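Order of the sequence lines sets the chain letters (A, B, ...), proteins ahead of strands, with each chain counted from 1. Note that the coordinates shown come from a computational prediction; the quantities given were computed from them, not determined experimentally.
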Protein chains: 2
Amino acid sequence: MTKKWTPASAADGVEQVLKILEGKWKLVILFHLFGGQVKRFSELEKAIPAITQKMLIQQLRQLEADGIVTRTIYHQVPPKVEYSLTDWGQELCPALDALLKWAENKK
Amino acid sequence: MTKKWTPASAADGVEQVLKILEGKWKLVILFHLFGGQVKRFSELEKAIPAITQKMLIQQLRQLEADGIVTRTIYHQVPPKVEYSLTDWGQELCPALDALLKWAENKK
DNA sequence: TAGGGTACTTACTCTGAAGTAAGTTTTTGA
DNA sequence: TCAAAAACTTACTTCAGAGTAAGTACCCTA
């Protein structure tokens, strides 16, 4: 059963979601991890050349705090840290697809 | 047929959509107009008490420019301006629903 | 002719997200 | 013992988006 939404509460709910996605680089990061891909910090750096280390970490940390990405540390030298999506994070994919399809459908 | 997306192009596509939705007040406005509702400027003002006239207009103009809301002017005294969603704007509703459902599904 | 209601504009300030650039930690191997 | 690679951290600056507050155009009615 779906909740009863008021305009205000529905807008609020969507805004919570947008807040998660809103960072300048989060979507690029997400799309690099969709489909069960696992990437190291340095791989993401290479895949997104324009991003700075600071921003990459900041965005990853926020995504992690929001429960969308998982961080796995390997205690090696040199260190290795892998990032992947949580189950919940993967489920975001179809929802974003819906937005893309909507955008394509502009008359 | 669906386009072939790279991480970068997909992220870009979603970002275009987010840009449309991103204003501080756009979602509230949208949810007040979903379902074919038609509202006057002053009705929206009342429905969203915290918004200032400047922001209301600004957001409405941007939504209009993006092809999501329609503006109908009645040349009366006092003036009357009605806002409603375009067909494309209405179609946004299910896509936002998908996001809401995703958010509810957080483990 | 003065006031009132509706739909805007304009000028200013403020704040937080993003950018830049440099420094830090850890341990191995030459 | 010192450089090198990976994954961060820190300090500073910049700028666009949002807020505040006031003003404007229109024209009817009293």
Check your understanding: Under 4.0 Å between a side-chain N or O of A:W25 and OP1 or OP2 of C:dG19?
Key -> yes
Review point. Expressed in angstrom and rounded to an integer, what is the separation of A:L56 atom CG from D:dT9 atom P?
Key: 12 Å
Check your understanding: Of all the choices, C:dT6, D:dG19, C:dA7, which nucleotide is nearest to the side chain of B:P78 once you look at every atom?
Key -> C:dT6
Practice item. Give a yes/no on whether any side-chain N or O of B:R40 is located under 4.0 angstrom from OP1 or OP2 of C:dA7. Key: yes
Check your understanding: In whole angstrom, what separates A:I57's CD1 from C:dA21's P?
Key -> 18 Å
Check your understanding: Is it the case that more than 12 heavy atoms not belonging to A:K106 sit under 6.0 Å from its NZ atom?
Key -> yes
Review point. Quick check: does any side chain N or O of B:E82 sit under 3.5 Å from a backbone N or O of B:I73, one acting as donor and the other as acceptor?
Key: no
Exercise for review: Round to a whole Å and report the spacing from CD of A:E15 to C1' of D:dA18.
Suggested key: 13 Å
Revision key, fill the gap. In whole angstroms, the gap separating C1' of D:dA7 from CE of A:M55 amounts to 17 Å
Practice item. Please work out whether the ring planes of B:W88 and A:W102 are parallel, tilted or perpendicular, with thresholds of 30° and 60°. Key: parallel
Point to revise | Interatomic distance, B:K39 NZ vs C:dT6 P [rounded to whole Å] | key: 16 Å
Review point. Below 4.0 angstrom from OP1 or OP2 of D:dT9, is there any side-chain N or O of A:R61?
Key: yes
Practice item. Examine C:dA7: is either OP1 or OP2 under 4.0 Å from a nitrogen or oxygen in the side chain of B:S42? Give yes or no. Key: yes
Check your understanding: With respect to the side chain of A:Q58, which nucleotide from C:dT9, C:dA18, D:dA7 is positioned closest?
Key -> C:dA18
Check your understanding: Pick the nucleotide of DNA chain C nearest each of A:A50 and A:P79; which residue has the one closer to the 5' end?
Key -> A:A50
Check your understanding: Between A:Q62 and A:Q76, who's closer to the 5' end of DNA chain C by nearest nucleotide?
Key -> A:Q62
Exercise for review: Determine the contact category for A:Y83: base if any of its heavy atoms lies under 4.0 Å from a base atom, sugar-phosphate if only primed atoms, P, OP1 or OP2 are that close, otherwise nothing.
Suggested key: sugar-phosphate
Review point. Rounded to whole angstroms, how far apart are CD on B:E45 and C1' on C:dA7?
Key: 8 Å
Review point. Nearest-Å distance, CD (A:E82) to C1' (D:dA7)?
Key: 14 Å
Point to revise | Atom-pair distance (CG on A:L27; P on C:dA18), nearest Å | key: 12 Å
Point to revise | Side chain B:Q37, main chain B:F34, donor-acceptor under 3.5 Å | key: yes
Review point. With no angle test and no hydrogens, is the base of D:dG19 tied to the side chain of B:K54 by a donor-acceptor pair under 3.5 Å?
Key: yes
Point to revise | Side chain B:T86, main chain B:V69, donor-acceptor under 3.5 Å | key: no
